[in-house]
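As structure tokens, the structure follows; a few thoughts come after it.
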Amino acid sequence: MKKPNMLDAKKRHQNKINYTKYNEVTEKFGEGKKFFVRTYGCQMNEHDSEKIRGMLLSAGFVPCDDIVDADIIILNTCAIRENAHDKVFGFLGVLKHMKQSKKDLIVGITGCMSQEEVVVNEILNKYKQVDFVIGTHNLDNLLSVLKEKMDTNKRQIEVLSYEGDVVENIPVLRESKYSAWVDIIYGCDKFCTYCIVPYTRGTQRSRRHEDIVSEVEELVKNGYKEVTLLGQNVNAYGKDLYSDYTLANLLKDVADTGIERLRFVTSHPWDFTSEMVDVIAANKNIMPYIHLPLQSGSNKILKLMNRRYTKEEYLKLYKEIRDKVENSSITTDIIVGFPGETEEDFLDTLDVVNKCKFDGAFTFAFSPRENTPAARMTDAIDEDVKMDRLHRLNEVVNKYSNEANSKMLGTIVKCLVTSLSDKDKSKVCGYTENMKLVNIKGDASLIGKIVDVKITDTKSFSLDGEYVESK
Ligand code: SAM
Ligand code: SF4
């Protein structure tokens, strides 16, 4: 049994990162068995779930749409806020009942929660329905851990507290045939004081640029229209690996593969250089959409958060992007109720929101995470004050996203149509270049194409439109 240790997870080992290839499993020990993967959290977790599905498929397991048909259920978890934990522990209650009526059912936990010492101890003591736990650093061992569980019927806990290798060629079962996620950097060394990611995902490790470019070339060959480069902080790409090859170089090289749409997420304002802005502005296939987390507009709070930029520096970068990148959309993340946040600090945040008029924002109430410095800060904010600020912030944020969307009314925009609309099966949905979701009057034959769409109505979180035949 290998359990996590949060103190070890904090250390940054100077050892060189190993670049290895996935150890293919040839035995089809999953034949006749079905699996179901449930994902919590960010795009990186969504993409890890695609790897989990790919590995399971390679051993003969097959996916199922209904969880009740599954022989293996994997919860790929998120630890970013307490409510992410609560959802997983709540669902483990449901799985306990399922296991009572299906004795052979195997339940596994992967993702960020498995890297938390307190979670693994709780699972060991209270959640007997969990058959295996694998950490984020050795996800590529999934099949051997699962096979060991199936062969011995013993519980498996395999979590490393130090950063793993960069493993290439892990099988992937992608959710979409048109839009793909591609990892470029794992882990994070920023240590924002509220954030658990540097502990659960380990040190910053960039993939080699040749491996990234050849993965994208393969996707282009297979008909993919869009690629999103992924990392907790993509702007730090290359810092651990090269002296002079940065995200700007990578964006240019990936854009040159001919992929029709290139996106990237998430950007830390601290590492965002003018050179990067110039590359985005100069390449028409790099989409004019940037997610630029602000977190707070108060310099005092930004310092306590260890964000390494000031309100003024953020505003300067914001203006540079807006000035140089045509038709850009910028969204953000904001936390309210960080320890010590006064009404004046909160008004500073509202001031930045009023100046930037973001296209959209993900807003959060501060949630203390175990072992992070912010969880030890003393001047916590009352829950009702946090909720009041969140409510006031959301009103302003929604006003501006409504305004940004309204400006698109009547325009004709390019949309990549990705699927049938969830709400109305007589419609399809897709994304504009600046990442607005559009419900489109049109049939399923449009799926997978980039088409012209006339915007007919706008709301806070989505647009309505109709397909226009290109002349
Ligand atoms: N790496 C990205 C960055 O630097 O902004 C985002 C990481 S995190 C998955 C997404 C968002 O969750 C963060 O931008 C932050 O706003 C929020 N978040 C992280 N830790 C939090 C906490 N302890 N409480 C509330 N929100 C948190
Ligand atoms: Fe967390 Fe900060 Fe790293 Fe983003 S940059 S993952 S918020 S520590």
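We count ligands from 1, going down the list as the structure has it; atoms in each ligand are counted the same way.
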- Using 2.8 Å as the cut-off, note every protein N, O or S atom close to atom 2 (Fe) of ligand 2. C192 SG
- Report yes or no: does N233 contribute a side-chain atom to a donor-acceptor pair with the main-chain N or O of S267 at less than 3.5 Å? no
- Task: Could you tell me whether the side chains of T200 and Q115 share a donor-acceptor contact shorter than 3.5 Å?
- Result: no
- Message: Can you confirm whether the side chains of N439 and S421 place a donor and an acceptor under 3.5 Å from each other?
- Response: yes
- Task: Determine, for K386 against E341, whether the closest basic-nitrogen to carboxylate-oxygen distance falls under 4.0 angstrom.
- Result: no
- Please determine if R208 and E168 form a salt bridge, counting it only when a charged side-chain N lies under 4.0 Å from a carboxylate O. no
- Message: Counting only heavy atoms and a distance below 4.0 Å, can you name the residues contacting ligand 1?
- Response: I80, R81, Y194, Q232, T266, P293, Q295, R307, D333, I335, F364, A365, F366, S367, R369
- Go through the steps for H291 and T266 under the test side-chain hydrogen bond (donor to acceptor under 3.5 Å, both in side chains), then give the verdict. CA-CA 6 Å; H291 185 61; T266 297; 5.1 Å; no
- Task: Among all protein heavy atoms, pick out the one at the shortest distance from atom 7 (S) of ligand 2; state its residue, atom name and that distance to 0.1 Å.
- Result: Y194 OH, 3.4 Å
- Residue pairs passing the salt bridge (Lys or Arg N to Asp or Glu O under 4.0 Å) test where at least one lies in residues 347-372, sequence neighbours excluded: E82-R369, K311-D348, K311-D351, R322-D359, D351-K355, D359-K436
- Item | side-chain contact (heavy atoms from CB on, under 4.5 Å) involving K225 - partner list, sequence neighbours excluded | E260, L416, I450
- Message: If the test is side chain to side chain donor-acceptor pair (under 3.5 Å), which one of N76, D183, D140 qualifies with K51?
- Response: D183
- Message: Would you say that V94 contacts L92 through its side chain, given a criterion of any heavy-atom pair below 4.5 Å between the two side chains?
- Response: no
